[in-house]
Amino acid sequence: PAPMLIAAALAGALGAATPAAAASAFNYDELGFEFCRLTLAGDLAGLRPLLSRGLVRALDQAAGNPSLPPPDVLFQTYTTPVPVCGARTVNAALVQITRSQPDGTGWNDYIVVVPEPDGQTRIDDVLFAIRKSDTLMSRLQGLAGQD
């Protein structure tokens with residue numbers, strides 16, 4: 001009974017009366033598509049408004065390191081540029097980013113989305129395909145000498 005009460009309270013707090021309403025409340029495909037477009041273009045200036053304050057701060061702290069990868073590969077697992085990027089909302093916190101060659105060979109990264117104080121949902125981290133502990137934030141902190 002207690003788990004059911006918690007689930008009901010969460011559903012009420014989120015304003016989701018039905019599973020379909022809950023799914024549509026967390027559709028971040030457009031954010032993912034914009035992330036893809038901007039990262040493929042290497043447009044760091046255009047990407048910054050999509051990032052959380054914490055991620056922007058980490059990026060700024062790592063910016064002075066000459067080992068910082070260029071923007072077109074900074075936000076992906078591997079440093080090989082790929083021409084194809086797609087997005088699919090997984091849940092309220094994750095958007096799957098599929099990067100590949102035209103023949104379909106590639107990998108999946110995940111962007112972590114969070115609500116910001118201004119009410120906007122922004123990208124707070126990227127979970128890379130290699131292992132759970134390999135994230136954009138951890139890479140940036142290492143480049144900034146904070147690991």
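Computed from heavy atoms alone, side chains included, the values below leave out hydrogens, waters and symmetry copies.
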Passes side-chain contact (heavy atoms from CB on, under 4.5 Å), V90 versus Q96? Steps please.
CA-CA 6 Å; V90 175; Q96 178 179 306; 3.8 Å; yes

Might you work through the side-chain contact (heavy atoms from CB on, under 4.5 Å) test for V114 and E116, ending with a clear yes or no?
CA-CA 6 Å; V114 296; E116 287 281 279; 3.9 Å; yes

Apply side-chain hydrogen bond (donor to acceptor under 3.5 Å, both in side chains) to T39 and R99, showing your working.
CA-CA 11 Å; T39 57; R99 298 194 183 267; 3.0 Å; yes

Applying side-chain contact (heavy atoms from CB on, under 4.5 Å) to V126 and L55, what does each step give before you reach the verdict?
CA-CA 10 Å; V126 179; L55 190 53; 5.7 Å; no

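Under the 4.5 Å side-chain heavy-atom criterion for ILVMFWY residues, no single connected hydrophobic cluster contains both Y110 and L40. A single hydrophobic cluster is seen to contain both V56 and F35, as judged by linkage of ILVMFWY side chains at heavy-atom distances under 4.5 Å, directly or through other members. Residues L68 and L44 share a hydrophobic cluster, clusters being chains of Ile/Leu/Val/Met/Phe/Trp/Tyr side chains in contact below 4.5 Å. In terms of hydrophobic clustering, with Ile, Leu, Val, Met, Phe, Trp and Tyr side chains grouped at heavy-atom distances under 4.5 Å, V82 and Y78 are assigned to a common cluster.
Taking each heavy atom of P71 and G42 in turn, the nearest pair found is CB-O, 3.4 Å. For the pair R53 and P117, the tightest heavy-atom approach, listed with the atom from each and the gap, is NH2-CG, 3.0 Å. In terms of heavy atoms, A129 sits closest to T77 at N-OG1, 2.8 Å. The shortest heavy-atom contact between P83 and S100 is CD-O, 3.5 Å. In terms of heavy-atom proximity, V73 sits nearest to P69 at CG2-CB, 4.0 Å.
Remark: side-chain polar atoms of D125 are paired, donor with acceptor, to backbone N or O of L136 under 3.5 angstrom. Remark: the backbone N or O of V112 is not paired with any side-chain donor or acceptor of D124 at under 3.5 angstrom. Panel note: side chain R88, backbone V95; no donor-acceptor pair is recorded below 3.5 Å.
In this structure, the side chains of L143 and S138 stay at 4.5 Å or more apart for every pair of heavy atoms.
Summarising the geometry, atom CZ belonging to F33 is positioned 15.0 Å from atom OH belonging to Y28; distances are rounded to the nearest 0.5 Å. Residue L50 holds its CG atom at 6.0 Å from CG of L38, rounded to the nearest 0.5 Å. Here CD of Q76 is found 8.0 Å from SG of C85. Values are rounded to the nearest 0.5 Å. The structure places CH2 of W107 at 6.5 Å from OG1 of T80, a figure rounded to the nearest 0.5 Å. In this structure, CG in L74 is found 6.0 Å from CG in L59, a value given to the nearest 0.5 Å. Here the straight-line distance linking atom CE of M137 with atom CD of Q141 works out to 6.0 Å at 0.5 Å rounding.
Between R139 and D134, at least one side-chain nitrogen of the basic residue sits less than 4.0 Å from a carboxylate oxygen of the acidic one, meeting the salt-bridge criterion. Ion pairing between a basic and an acidic side chain is recognised when a charged N comes within 4.0 Å of a carboxylate O; D43 and R48 show no such pairing.
A side chain to side chain contact (heavy atoms under 4.5 Å, CB included) with I111 holds for exactly one of L127, I123, L94; it is I123.
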